[in-house]
Amino acid sequence: MTQGDFIDYSRQKTVNKIFALLVVVAILIAISLKLSEPPGETTAVVVFLGIPLGLVLLSSLFGAGSKRAIDYNAGKWNSRKVWMSFSEYEQMTEDYEDAYGVLFSHSVGCGCFLPLFIVAFLGAASYAYDLVLTRGLLNPLFSILLDSILLIIIVYVIASVGSFIAGFRIPTIDASEFFKPLLRGDVYEFASELEDVPSIRAGMNVEIGEREGVLTILEAESNAHVEGLPDTVTIKVQVSHSGFAYPYLVGTVYKGAEVLPVEKYPVVKTKYPAMLEFSMDDDVTVIVARFDIPKRTSSVPNISKKDFRALASILAKELKKNYNEAQQ
């Protein structure tokens, strides 16, 4: 099965043709103005600044519309769950982005204003060059008319194509069952550190969808277990943000030994004191491992990956201890 069997580009082709026609019309209007109007500053401003800046806005809208005009043909995906290492997951996401990256949203941030700045600069430079030519202060490369036409084509093509690409990157196609946000960010980064803790088996639970030979990632989450214990003993990574990334670990033991709601401070050589919080949630024993960060510090707190791995090792020992107590 090829991508075209479940991705329909027919509406997008129509939008793209209209966009190309728009650019050609804008260029022809600008050339017509240069030919019909007497040389002057007003005409040059309209041709090299006014119309190109308007073209930036229209092109970005057409770019977004082009992406949204890509249709997804819904269908049944056969799914299976697999456990893989973080390196295997990263390789899978690279292949996934190579295959389908053009179809989902990409953050552009301040880059969405880049075409506007470029066009404003090129337009101002072209306006100044055209003004110098019309006043006879500089010899043209070819002729005054041909130089002006070439400037119009260059500025308008850059304005339209650059803005179209920027607008195209912003939205995603309407295919929620096919494209899921890839697991990224602080949670993933700290979870991947657990792979280097000897007492912990960490990796990714990935649900892969298959449809007539085409694969996609339906769901993905990081997970960790204690070596030698069943999967009913789990470790989850959580990260809160209050001015800085504050990672902590939530360990659970299904039908583990009952514990009292207490706090413990194990002795460990880390920048901040380690803290274990014990509690019960029905039949589940819960142990939260975190660092006791002072409320007032002279600098922004920073939890190193090394300290985080040390905290995870302590939690793994407590979970194993609790599980063994429950078996007695």
| After noting the C-alpha distance and the side-chain angles of Lys81 and Asn205, does the key distance pass the side-chain contact (heavy atoms from CB on, under 4.5 Å) rule? | CA-CA 7 Å; Lys81 293 185 177 181; Asn205 278 325; over 6 Å; no
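- When side chains are defined from C-beta on, His241 counts as touching Val239, because their heavy atoms get closer than 4.5 Å.
- Counting heavy atoms from C-beta on, the side chains of Phe308 and Leu194 come closer than 4.5 Å.
- Partners of Gln91 under the side chain to side chain donor-acceptor pair (under 3.5 Å) rule, at least two apart in sequence or in another chain, are Asp95.
- Between Leu249 and Val288 there is no side-chain heavy-atom pair separated by less than 4.5 Å.
- Considering only residues two or more places apart in sequence or on other chains, Arg68 meets the salt bridge (Lys or Arg N to Asp or Glu O under 4.0 Å) condition with none of them.
- Under the side chain to side chain donor-acceptor pair (under 3.5 Å) criterion, Asp231 pairs with Arg201, sequence neighbours left out.
- Here the CD atom belonging to Glu258 is positioned 10.5 Å from the CG atom belonging to Asn322, to the nearest 0.5 angstrom.
- Side-chain contact between Leu276 and Pro266: present, with at least one pair of heavy atoms (C-beta onward) separated by less than 4.5 Å.
- Results of the side chain to side chain contact (heavy atoms under 4.5 Å, CB included) test with Val250 over Ile235, Val286, Val237 single out Val286 as the only residue that passes.
- Scanning both residues, Ala310 and Thr270, for their nearest heavy atoms gives CB-CG2, 4.1 Å.
- The six-membered or imidazole ring of Phe164 lies away from that of Phe62, with a centre-to-centre distance of 6.0 Å or more.
- Ser222 contributes no side-chain N or O that, together with a main-chain N or O of Ala191, makes up a donor-acceptor pair within less than 3.5 Å.
- Of all heavy-atom pairs between Leu55 and Ala159, the closest is CD2-CB, 4.5 Å.
- The shortest heavy-atom contact between Asp307 and Phe291 is O-CZ, 3.3 Å.
- For the pair Ser279 and Val259, the tightest heavy-atom approach, listed with the atom from each and the gap, is O-CG2, 3.6 Å.
- No path of Ile, Leu, Val, Met, Phe, Trp and Tyr side chains, each step under 4.5 Å between heavy atoms, connects Val300 with Tyr248, placing them in separate hydrophobic clusters.
- Tyr9 and Phe168 fall within the same hydrophobic cluster, where Ile, Leu, Val, Met, Phe, Trp and Tyr residues are linked whenever their side-chain heavy atoms come under 4.5 Å apart, directly or through other members.
- Judged by distance alone, with hydrogens and angles left aside, the side-chain atoms of Lys67 form a donor-acceptor pair with the main-chain N or O of Pro171 at under 3.5 Å.
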Practice item. List the steps, then state whether side-chain contact (heavy atoms from CB on, under 4.5 Å) holds for Val268 with Leu311. Key: CA-CA 8 Å; Val268 58; Leu311 181 68; over 6 Å; no
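- Taking OG from Ser85 and CD from Glu195, the interatomic distance works out to 5.5 Å, rounded to the nearest 0.5 Å.
- The structure places CE of Met92 at 8.5 Å from CD of Glu88, a figure rounded to the nearest 0.5 Å.
- Checked by atom type and distance alone, the side chain of Asp292 never pairs as donor or acceptor with a backbone atom of Ala274 at under 3.5 Å.
- Between Tyr246 and Phe244, the angle of the ring planes lies from 30° to 60°, which puts this pair in the tilted group.
- In the hydrophobic clustering of this structure, Val267 does not group with Ile293; members are Ile, Leu, Val, Met, Phe, Trp, Tyr whose side-chain heavy atoms approach within less than 4.5 Å, directly or through other members.
- Put simply, the side chain of Asn324 gets close to the backbone of Lys320: a donor and an acceptor are under 3.5 Å apart.
- A perpendicular orientation is assigned to the rings of Phe86 and Tyr188, their planes being inclined by more than 60° (bins at 30° and 60°).
- Counting only distance, with no hydrogens or angles, the side chain of Asp282 and the backbone of Val284 share no donor-acceptor pair below 3.5 Å.
- Nearest heavy atoms, Pro198 versus Asp196: CD-O, 3.5 Å.
- At distances below 3.5 Å, not a single donor-acceptor pair connects side-chain atoms of Ser32 with backbone N or O atoms of Leu28.
- With hydrogens and angles ignored, the 3.5 Å screen pairs no side-chain donor or acceptor of Ser59 with any backbone N or O of Val56.
- Considering CG of Leu229 and OG of Ser199, their distance stands at 10.0 Å, rounded to 0.5 Å.
- The CG atom of Leu22 sits 8.5 Å away from atom OG of Ser160, with the distance rounded to the nearest 0.5 Å.
- Few gaps surround CZ on Phe278; more than 12 heavy atoms of other groups in view lie less than 6.0 Å from it.
- Using a 4.5 Å cut-off between side-chain heavy atoms of Ile, Leu, Val, Met, Phe, Trp and Tyr, with links allowed through other members, Tyr265 and Tyr272 fall into different hydrophobic clusters.
- The pair Glu210-Arg80 meets the salt-bridge criterion, since a charged nitrogen lies less than 4.0 angstrom from a carboxylate oxygen.
- Looking at Lys264 and Glu277, no side-chain N of the basic residue comes within less than 4.0 Å of a carboxylate O on the acidic one, giving no salt bridge.
- By the 4.5 Å heavy-atom criterion applied to side chains, His225 and Asn223 are counted as neighbours.
- Ile208 is listed as a side-chain neighbour of Val82, based on a closest heavy-atom distance under 4.5 Å.
- Proximity of Phe190 to Lys305: side-chain heavy atoms (C-beta onward) are separated by under 4.5 Å at one or more points.
- Ser60 contributes a side-chain N or O that, together with a main-chain N or O of Leu57, makes up a donor-acceptor pair within less than 3.5 Å.
- Met275 places a side-chain heavy atom less than 4.5 Å from the side chain of Glu263.
- Using a cutoff of 4.0 Å between basic side-chain nitrogens and carboxylate oxygens, Arg309 and Glu193 are scored as salt-bridged.
- Of all the heavy atoms in Tyr96 and Thr216, the pair that sits closest is CE1-OG1, 3.4 Å.
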Go through the steps to decide whether Phe19 and Val161 satisfy the test side-chain contact (heavy atoms from CB on, under 4.5 Å), and finish with yes or no.
CA-CA 10 Å; Phe19 167 70; Val161 174; 5.5 Å; no
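- Of the residues Ile173, Ile70, Ile7, the one that meets the side chain to side chain contact (heavy atoms under 4.5 Å, CB included) test with Gln12 is Ile70.
- The local environment of NZ in Lys271 is crowded, with over 12 non-hydrogen atoms from other residues, nucleotides or ligands closer than 6.0 Å.
- The line from CD1 of Ile51 to CD1 of Ile27 is 10.5 Å long, rounded to the nearest 0.5 Å.
- In this structure, Leu260 is a member of the same hydrophobic cluster as Leu315, with clusters built from ILVMFWY side-chain heavy atoms closer than 4.5 Å.
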